[in-house]
Amino acid sequence: MPQAVPAVLVDDVSKSFELPREQVHTLKERALHPFRRTGSDTLNALRGVSFSVAPGEFFGIVGRNGSGKSTMLKCLAGIYGADTGRIFINGRLSSFIELGVGFNPDLPARDNVGINATMLGLSPKEGRKRFDAIIDFAELHDFVDLKLKNYSSGMLVRLAFAVMIQVDADILLIDEVLAVGDLSFQQKCFDEFETIRRSGKTVLLVTHDMAAVQRFCDRALLLEHGRVTEEGDPARVGNRYQELNFSEEARVDAAAGTSAIEPAAGTNVPRPEGVSEDTIIVPDFGGSRYGNQNAEIIDAGFEDKTGKRRETLPVGEPCAMVFRALFHERVEDPNFELQLLNSHGDIMFLSSSGPTSGVFDVGDEAHFRIYFENVLAPDRYHLSPAVRRAPGGEWLDYRERFCSVVVTGLGLSGGLVSLRHEQAMFRVEPDGQTHVLKTTEIADNVEEGLRDRDRARDRDRDGDPDGDRDGAEQRVEPTA
Amino acid sequence: MSTIEAPPVREAPDVTGLGDPIKGPTALGSDPVRFWHLTRALAVTDFKLKFFGSVLGYAWQLMRPLLLFGVLYVVFTEIVSLGKDVPFYGVMLLMGIVLFSFFSEATGGAVTSLSDRENLVRRIEFPRLAVPLSVILTALMNLGLNLIVVIIFLMVSGGSVMLTWLEIPLLVILLVFFCTGLGMLLSVGYVRYRDVRPIWDVVLQIMFYATPIFYTITTVSESNATLAKIIMYNPFAAVLQQMRHAVVDPSQPSAAAAIGGTVYLLIPLGIMVVLFFVGYRTFRREAPKIAEIL
């Protein structure tokens, strides 16, 4: 694929650590047992990892504990040297493996900002120049000369983060710094990430916060046992990550370099020539399938208020979503889940059956049906049904975006949901006299909308039945 | 109907325009300016902490050598008549103690420096040598202040300003050079073998007595000329002796005279040079692994 020079290129990097079983730490031991070879275990933290990050990309590196993601980060940051392979960094790189590196509790903020900025790659002069901007961002004007040991942890984090974003690097390496600070500061950090992202900087974020990955990352990489098991769309990587967390089988397969994932039925993707077995091929439009399918989801869909299967549903009416699963093994109290996503991929709704769902024998079929009042704004919605062995447990089957439905309506609300509501407007004069200007019931439903319009028209024709009314009725014009 | 994600091309990644691959951690890093900034930032931080960390600040820094000086002075002028007849004995003793304080602070601090700074070494890309060097730099700042005290003491005791004072910077540089060589060796040694520290404590103690600090080299050479020369092979002793000769009292033998000829000065000088290069090579070899072993 022809593209610009990558910002980061990692080419077949391996890194292993020698873990001595019995660490020789003293000269005396060495002197007493000069020829005793202490055994050592080799930990292969990274095994032939390759990936590249384009300039301006927000790239996530995820993995479970011990998967090698921190080692990867440290290799990128130049803290560890790779055993084999090459790492190319095209541009100035700053790493934030920990906030506030070099902070000293016994010195005031002013000194610490200088130290920290120097550590992160600014010259002391640049650090002084940016001091005001840093304090501005951290909102710590009143505490500039306070020693850091007297700072609250929130203030510390704010200061550290403020320094971090003032370091102008082209490539930022960020490790799990999002999990700190109070909510409002976290929000600020998120906003800042958005800014960094828009400013065209390349960001590599190492985390296991999948929400952050899906929110910010353009692409993501999943590491397991030091290998790349998935690369690409953050949502898909996120699902694989979850699967690894819950399924021992998938974990073993990932370690062996294969995948437990099978592409969803009917979307069998041939493995092109030259593509290594390590790479998982999944169709790009989503619709991946996870789990061993010992409980097979065979059918899912939406029903209208009469119980008829529908491809479209009107706003504001009772309806149901449903799926059927066929059991190939006996499972006690499996957990059934339904996830509803809108066209942007936001999870609009999630419901699960909870801990006591009963016992299903081989050959049994489970029907899971959710009745609800359709308050969803007009859009296309996808349904992702899942069966887990237990709540929060291993997936037996999970069919991402298995089926979809279009919700029809007038599209009045402009929000994610369309609630039937009533508007009321009053005019209050200085002497306290109150006039009702109008009251209108609003529903997104086409049928009701038409009915409302007719009612309003009738009222107009009959004249103002209510003396207080001196404003025009709001009219609801159907647009669909 | 589906696009297939191309896997990273492992066989021949296109590296045009990318420059050289990164090298991982090294002793010196790739940017000398950054190296200096870091070393200075670390050293200044340490110095500030010592200076402003307590109410009396610098007074404490001075107190230790001064107390040692007071005790030794009383012992060796009033109880043992070792320094009674030596002109400027007080100043010479103080000079010895101040220089030795620097030596022990620099090398003793360097021993544990890498593990003291573990949080830095393991968390940011960092020219590793900046860590022990910063300790030596902090010690050097202290030495600067302490030397002023020595000079004041000298003037009060009736000494005079001499042209040979110009040797001070050169001698200090030599001492720093010596400490740096030792510091590199010790700091990286401690990462692998934790007993470097007690060993070095003992060595420092021996050095204190084996160096003409509270006695003069002439006292030794009067009773055993060979021993006096061997003592002078110690680079620290050579620097100290020359310092006394050039700064305090010209009637003291110069280092060259004490060692028995200018040529013999090559021995302490050689020790310094060899230590420096052995230290540097060891440090450079171990630098990439420091973060992992710590």
Side-chain angles (χ1 to χ4, degrees), chain A residues 1 5-6 9-12 17-18 24-28 30 48 50-52 74-82 85-90 93 95 97-98 101-102 104 106-107 111 114-115 118-124 228 231-233 267 269 272 274-276 278-279 281-285, chain B residues 1-26 29-31 33-34 36-42 44-46 48-49 52-53 117 119-127 189 192-196 198-199 287-293:
Chain A
M1 51 189 162
V5 179
L9 181 80
V10 175
D11 177 28
D12 200 15
F17 297 99
E18 292 281 309
V24 175
H25 246 329
T26 58
L27 280 177
K28 187 190 126 207
R30 259 282 154 101
S50 300
F51 64 89
S52 79
K74 286 187 171 179
C75 285
L76 284 168
I79 295 164
Y80 292 162
R86 298 173 299 174
I87 298 173
F88 296 91
I89 304 284
N90 185 21
L93 178 136
S95 59
I97 291 181
E98 196 180 74
V101 169
N104 196 305
D106 285 316
L107 290 174
D111 292 307
I115 298 164
T118 313
M119 299 289 159
L120 296 177
L122 288 180
S123 73
V228 179
E231 188 191 346
D233 178 51
T267 58
V269 182
V275 174
S276 89
D278 289 12
T279 314
I281 312 278
V282 183
D284 226 8
F285 59 84
Chain B
M1 77 180 182
S2 61
T3 46
I4 290 154
E5 179 105 5
V9 183
R10 186 166 301 168
E11 266 49 73
D14 181 19
V15 297
T16 42
L18 278 172
D20 297 324
I22 59 167
K23 282 184 294 200
T26 54
S30 51
D31 183 358
V33 179
R34 173 165 157 78
W36 166 242
H37 284 157
L38 279 169
T39 312
R40 197 180 60 177
L42 289 178
V44 169
T45 310
D46 268 2
K48 268 190 188 162
L49 283 174
F52 302 110
R117 298 278 187 193
N119 62 333
L120 293 185
V121 173
R122 296 181 75 142
R123 288 193 174 78
I124 50 172
E125 178 272 323
F126 205 95
R192 277 199 189 271
Y193 305 107
R194 295 297 148 126
D195 25 18
V196 166
I199 291 174
K289 291 268 174 196
I290 288 171
E292 295 162 36
I293 304 169

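Naming convention: chains lettered A, B, ... in sequence-line order (proteins, then strands); numbering from 1 in each chain.
- The contact between A77(A) and chain B is made entirely by backbone atoms, counting heavy-atom distances below 4.5 Å.
- A distance of 10.5 Å separates CD1 of I79(A) from CG of L120(B), quoted to the nearest 0.5 Å.
- Here F17(A) contributes atom CZ and E292(B) contributes atom CD; the two are 5.0 Å apart, rounded to the nearest 0.5 Å.
- Contact of V44(B) with chain A is not made at all, since no heavy-atom distance falls under 4.5 Å.
- In this structure, the portion of L76(A) lying under 4.5 Å from any heavy atom of chain B is its backbone and not its side chain.
- Put simply, the side chain of L107(A) reaches to within 4.5 Å of the side chain of L49(B), judged on heavy atoms.
- Both the backbone and the side chain of D106(A) come within contact range of chain B, judged by heavy atoms closer than 4.5 Å.
- Looking at every heavy atom in both residues, T118(A) comes nearest to A41(B) through CG2-CB, 4.0 Å.
- The nearest pair of heavy atoms linking R34(B) to L120(A) is NH1-C, 4.3 Å.
- Taking I87(A), N90(A), L93(A) one by one and counting their heavy-atom pairs under 4.5 Å with chain B, the maximum is reached by I87(A).
- Residue contact with chain A, scored on non-hydrogen atoms closer than 4.5 Å, involves the side chain of I199(B) exclusively.
- Nearest heavy atom pair, residue T45(B) against residue I115(A), reads OG1-CD1, 3.3 Å.
- Residue R122(B) touches chain A through both its backbone and its side chain, counting heavy-atom pairs closer than 4.5 Å.
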